[in-house]
Amino acid sequence: MARDERGVTPQSEDFSAWYNELVFKAELVDRGPVRGTMVIRPYGYRIWELLQADMDRRIKETGHVNAYFPLLIPESYMQREAEHVEGFAPELAVVTHAGGKELEEPLIIRPTSETIIGEMMAKWISSHRDLPMLLNQWANVVRWELRPRMFLRTTEFLWQEGHTAHADEADAMAETMLALDLYAHVARDIAAMPVVEGEKTPGERFAGAQRTFTVEGMMRDGRALQSGTSHFMGTNFARAFGIRYAAESGNEEFCHTTSWGMSARMIGGVIMTHGDDKGLVLPPLLAPYQVVIVPIGRGDQAEQVLPPATELADRLRRAGIRTHVDNRPQLSPGFKFNDWEMRGVPIRLELGPRDLAAGTTLMSTRLGEGKTPVSLDLAPARLELELTAFQSLLLQRATEFRDDHTSTVDSWDEFAEAVKTGWALAFGCGSSECEDDIKAATGATPRCIPAEGALEEGMCVRCKQPSAYGKRLIFGRAY
RNA sequence: CGGGACGUGGCGCAGUUUGGUAGCGCACUUGACUGGGGGUCAAGGGGUCGCCGGUUCAAAUCCGGCCGUCCCGACCA
């Protein structure tokens, strides 16, 4: 059954093939020459810019300031926090030669910047008056991944990493939760991904952190995607890097630090949360083009149709709608319809001689079936409403999907069945041996201890020991 | 690192078994027609067949070695 090579493999046939073909066909990315690297093409990068702009604004609104730290980190820095080194050692890229000779000390290409930022914080902080120190940087990092996947796991990726230092533990914990809320907001209100906020179990914690929090989204194949993390480091890094301050009492104290990150992986989450067999479905707030106008007609007709199409686009843009006129002359309208559907444009407008005569334009939404005539005069206001509705529809759909694919289970059989297609809410005993056993048997891991879960106790779904954490965990297979 | 597949115009592939002038589809260029759901016809351009070596009158094809990529497993935002 030869699939039309212009389309993508249906999700139901092979979700992974669907994703893989789509990221290339929608021109989001191309492969880099080095294994596991990714070129983010203009259409894909625009999505990142839109996500980034919103996040950056909120990071600043909450009192953080941007800075930039070097890509190259002395190898010795990595060694200072025992768990941190151990966690990252297998995926480090190391520069051993430069300037034509071997370096005295190898340099690590940052996999994350706790160490170098910790080193600088130690230098910059001396008094409680210097605290809290609230830093953020937008950067690329490199982790030598064994099994790359576009956006989800690439050797080099783009992200934002927040690093903060606080006088006391309560402040640092509040900061950790603030960052988590920020991620939940970006996911829900911008990406229309109904994420669950929660805490990681010890086995899933960040290397060197005391507590790790996460926002987890559910993809359309039922798997979970960690879409942002926030870590409370306690004084671990402060001790390793000497981040100390003189308290009001005059005593010298260690700072409490946090770090938190959200990456371009989020784009993978958007693709897998909303996409369908026709291609991408982009939330209006992240769509490079929210509306695409396809003029219909050629020759004399084209000359008649293009000016009104351009004028309509201008009016929509003035209303704040990102609009594009597809005036590629050599392509048929039908081709363009399919093309923009593949690229996930929320709303398409057709404008031809018949519409012009009627003073309307034919509107199709990416998720709807039919076409609706819309008055040209009222188009800007109407489309604003449509886009807002489209954005909420996506969140609603995704929420329903997630709820339909989440089951509360108490028996092992139910559990094993549930994690094949979605999430299981079940009790865990808290031992990492038991978690490993569950993973080996089903591929599922505890995604988080959900912040909003009801308080209850029970028996571990696997070993029947008393439950830990006082609530059910979310288990699922993950990316 | 283990298992599987593959390297041939930009992309997707056939050709390899059985050695004999490098092909097809899409894309591209030009022209005409066409245009409201992936257009038609005609004429063109473009390839050291992954690399190195060997066998042979002759290698994409046979032999040896190397490199690379993709897919499936163990690590991860």
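Quick note on labels: first sequence line is chain A, next is B, and so on, each numbered from 1.
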Is the closest basic N to carboxylate O distance between [X] and [Y] below 4.0 Å?
X	Y	value
A:Asp54	A:Arg57	yes
A:Arg153	A:Glu145	no
A:Asp276	A:Arg366	yes
A:Arg205	A:Glu83	no
A:Glu433	A:Arg462	no

Within less than 4.0 Å of OP1 or OP2 of [N], is there a side-chain N or O belonging to [X]?
X	N	answer
A:Ser332	B:rG39	yes
A:Arg147	B:rC72	yes
A:Arg35	B:rC70	yes
A:Thr212	B:rA77	no
A:Asn20	B:rC70	no
A:Lys25	B:rA27	no

Do [X] and [Y] meet the cation-pi criteria used here (NZ or CZ under 6.0 Å from the six-membered ring centre, within 45° of the axis)?
X	Y	answer
A:Arg149	A:Tyr479	no
A:Arg220	A:Phe401	yes
A:Arg211	A:Phe232	no

Parallel, tilted or perpendicular: which one describes the rings of A:Phe241 and A:Tyr77, with boundaries at 30° and 60°? perpendicular
Between A:His324 and A:Tyr289, what is the ring plane arrangement, given parallel below 30°, perpendicular above 60°, and tilted in between? parallel
If I take atom [atom1] in residue [X] and atom [atom2] in nucleotide [N], what distance separates them, rounded to the nearest angstrom?
X	N	atom1	atom2	value
A:Asn140	B:rA77	CG	P	17 Å
A:Phe15	B:rC71	CZ	P	15 Å
A:Leu331	B:rG36	CG	C1'	16 Å
A:Glu27	B:rG10	CD	P	18 Å
A:Met262	B:rC76	CE	C1'	17 Å
A:Met150	B:rU69	CE	P	12 Å
A:Arg354	B:rG37	CZ	P	9 Å
A:Phe337	B:rG38	CZ	P	9 Å

When we call it a touch if two heavy atoms are under 4.0 Å apart, what does [X] touch: a base, just sugar-phosphate, or nothing?
X	answer
A:Leu225	nothing
A:Pro111	nothing
A:Gln226	sugar-phosphate
A:Lys371	base
A:Thr154	base
A:Arg149	nothing
A:Phe151	base
A:Gly261	nothing
A:Thr112	nothing

Taking any strand in view, what nucleotide pairs with [N] in a Watson-Crick or G-U wobble way, both distances under 3.5 Å?
N	result
B:rC1	B:rG73
B:rG25	B:rC11
B:rG46	none
B:rG36	none
B:rG53	B:rC63
B:rU18	none
B:rG68	B:rC6

Ignoring hydrogens and angles, does a donor from either the side chain of [X] or the base of [N] sit under 3.5 Å from an acceptor on the other?
X	N	result
A:Glu341	B:rG37	yes
A:Arg153	B:rC76	yes
A:Lys278	B:rG37	no

Using the [atom1] atom as the reference point in each nucleotide, state the distance between [N] and [M] in Å, no decimals.
N	M	atom1	answer
B:rG73	B:rG37	P	42 Å
B:rA22	B:rC49	P	10 Å
B:rA58	B:rC67	P	29 Å
B:rC26	B:rG64	C1'	37 Å
B:rC6	B:rG50	C1'	11 Å
B:rC11	B:rU69	P	16 Å
B:rU40	B:rC57	P	50 Å
B:rG3	B:rU29	C1'	46 Å

To the side chain of [X], which of [options] is closest?
X	options	value
A:Asp339	B:rG38, B:rG36, B:rA77	B:rG38
A:Arg31	B:rA77, B:rG39, B:rC70	B:rC70
A:Pro333	B:rG38, B:rA77, B:rG36	B:rG36
A:Lys439	B:rC72, B:rC75, B:rG36	B:rC75

Hey, which sits more toward the 5' end of RNA chain B by its nearest nucleotide, A:Arg348 or A:Leu152? A:Arg348
Given that A:Gly36 and A:Thr155 both sit by RNA chain B, which one's nearest nucleotide is further toward the 5' end? A:Gly36
Does the ring of A:Phe157 lie flat against the base of B:rA77, closer than 5.5 Å centre to centre with planes under 30°? yes
